[in-house]
There are 2 protein chains.
Amino acid sequence: MGDMKMSGGVEWAVHCCVVLSQAEGPVPTQRLAEFHGISRTYLAKHLQQLSRAGLVSSTEGRVGGYRLTRPADEITVLDVVLAIEGLEPAFRCTEIRQNGPLPASPTACKRPCGVNRVMQAAEQAWRAALREVTIADLAVTVTKDAGPQTFVRVREWLAT
Amino acid sequence: MGDMKMSGGVEWAVHCCVVLSQAEGPVPTQRLAEFHGISRTYLAKHLQQLSRAGLVSSTEGRVGGYRLTRPADEITVLDVVLAIEGLEPAFRCTEIRQNGPLPASPTACKRPCGVNRVMQAAEQAWRAALREVTIADLAVTVTKDAGPQTFVRVREWLAT
DNA sequence: TAAACGCGGATAAGTTATGTCCACGATTAG
DNA sequence: CTAATCGTGGACATAACTTATCCGCGTTTA
């Protein structure tokens with residue numbers, strides 16, 4: 001049936017952060033969207049979320065745009081994912097153990113439900129993995145995969 | 001904005017498996033739904049998915065119902081989650097690196113996108129955590145939390 | 001033979017995801 | 001000063017998904 005899925009905006013946001021980490025000045029939404037071949041108006045929404053989360057700062061006006069607020073090695077992939085997806089855990093316990101003819105006692109319910117504990121632990125493992133990788137790490141990966149001249153060309157294109 | 005979330009059916013399915021691990025015979029959907037205070041018709045859908053995934057087997061007819069196909073210590077929480085949520089990863093790479101004015105070269109694209117690799121690694125960590133816990137483990141947790149008589153009462157109620 | 005049960009398909013309401021569009025204020029180039 | 005560029009927030013629209021409900025069918029048993 002339905003699968004647990006991450007918003008598509010996460011992919012956009014991470015790639016945008018990598019580009020921003022290589023830019024020399026503020027980059028407008030228009031440029032980021034054009035560079036990635038994606039919707040400008042929708043990307044704008046996601047960039048605003050990054051802004052609200054404090055990962056990027058915006059400059060209004062004629063030569064405005066976005067820039068990272070911190071060095072790229074201080075922004076983790078988890079930061080970006082949480083900024084887009086929100087802070088709520090993927091699993092929400094509805095306490096069904098308290099339902100039905102044999103509800104769990106209030107005493108037993110002082111601890112979170114065992115199922116919930118397992119799910120939260122798994123999500124912590126997931127978050128830990130995403131916290132281990134920074135935007136700077138991803139930039140290095142791109143350089144390795146696509147060649148050392150890649151970001152030079154990106155900067156040239158951004159200057160156009 | 002939107003958050004990555006797991007289907008509510010996962011919670012139901014896990015709790016049902018714990019109950020099934022303690023049952024002495026096949027348990028019908030009706031009983032499982034009543035026990036958990038949840039929708040019978042909708043739960044039926046999820047149980048059918050567990051059946052298709054091979055985690056439970058069904059008996060049709062007058063005294064039918066569901067039972068686990070394997071010992072509870074050979075069914076992991078991950079098995080149940082994947083049965084309900086599907087096998088597809090939460091993150092789907094749309095290869096936006098191939099878009100725009102500076103697309104990644106076909107050579108560079110032999111490897112998966114770096115962003116994708118990070119996301120997949122995180123999901124593997126998540127799966128590994130869920131694979132560490134079995135339905136039998138959860139049953140032990142319930143006994144610890146709610147007392148040693150809990151499942152005795154459950155079996156009594158199921159026999160009603 | 002009737003009641004209890006699982007199975008699969010059709011259907012539908014509510015929510016979320018994915019965008020689009022516009023009015024507004026800020027900034028800057030000419 | 002005026003145009004053009006840019007971010008911001010809100011309203012709006014549509015497709016997809018979640019969360020169910022219901023029905024007819026075949027199976028099994030009291």
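Proteins come first, then strands; the chains are lettered A, B, ... in the order of their sequence lines, and each starts at number 1.
Looking at residues 88-104 of chain B, you'll see that no heavy atom sits under 4.0 Å from any atom of DNA chain C.
Using a 4.5 Å cut-off on side-chain heavy atoms (C-beta onward), B:L130 and B:T76 make no contact. The closest side-chain heavy-atom distance from B:E132 to B:D137 is not below 4.5 Å. The shortest distance between side-chain heavy atoms of B:L32 and B:W12 does not fall below 4.5 Å.
Here the C1' atom of nucleotide C:dG8 and the CG atom of B:L43 are 16 Å apart, to the nearest Å. Here the P atom of nucleotide D:dC6 and the CG atom of A:L32 are 11 Å apart, to the nearest Å. In this structure, B:I84 places its CD1 atom 17 Å from P of D:dC17, rounding to the nearest Å. Rounded to an integer number of Å, the gap from B:Q49 CD to C:dG6 P is 16 Å. With rounding to whole Å, A:Q30 atom CD is found 13 Å from D:dA4 atom C1'. A straight line from NE2 of B:H46 to C1' of D:dC17 spans 13 Å, rounded to a whole angstrom. If you take CG of A:L47 and C1' of D:dG9, they are 15 Å apart, rounded to a whole angstrom. To the nearest angstrom, P of C:dT16 lies 17 Å from CE of A:M4.
Across the strands present, C:dT11 finds its partner in D:dA20; the criterion is a Watson-Crick or G-U wobble pair with both atom distances under 3.5 angstrom. Base pairing of C:dT28 is not made with any nucleotide, judged by Watson-Crick or G-U wobble geometry with both donor-acceptor distances under 3.5 Å.
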inquiry  = Using salt bridge (Lys or Arg N to Asp or Glu O under 4.0 Å), reason through B:E156 and B:R153 one step at a time and then give a plain yes or no.
reply    = CA-CA 5 Å; B:E156 282 173 8; B:R153 283 191 284 263; over 6 Å; no
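A glycosidic torsion no more than 90° from 0 defines the syn conformation, and D:dA3 adopts it.
Between B:Q30 atom CD and B:T41 atom OG1 the span is 10.5 Å, to the nearest 0.5 Å. Atoms NE2 and CG, from B:H15 and B:L43 in turn, are 12.0 Å apart once rounded to the nearest 0.5 Å. In this structure, CG on A:L158 lies 10.0 Å from CD on A:E34, to the nearest 0.5 angstrom. A:L47 CG to A:R52 CZ: the interatomic distance, rounded to the nearest 0.5 Å, is 11.0 Å.
Distances shorter than 4.0 Å separate none of the side-chain N or O atoms of B:S51 from OP1 or OP2 on C:dG6. At C:dT18, one or more side-chain N or O atoms of A:S7 fall inside 4.0 Å of OP1 or OP2 (strictly under the cut-off).
Within 6.0 Å of the CZ atom in A:R70, the count of heavy atoms belonging to other residues, nucleotides or ligands exceeds 12.
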remark   = Going 5' to 3' through nucleotides 20-30 of chain D and flagging B where a protein heavy-atom sits under 4.0 Å of the base, S where only the sugar-phosphate is that close, and - otherwise, we get BB----BBBB-
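Here the nucleotide nearest the side chain of A:Q48, chosen from D:dT8, D:dC6, C:dC7, is D:dT8.
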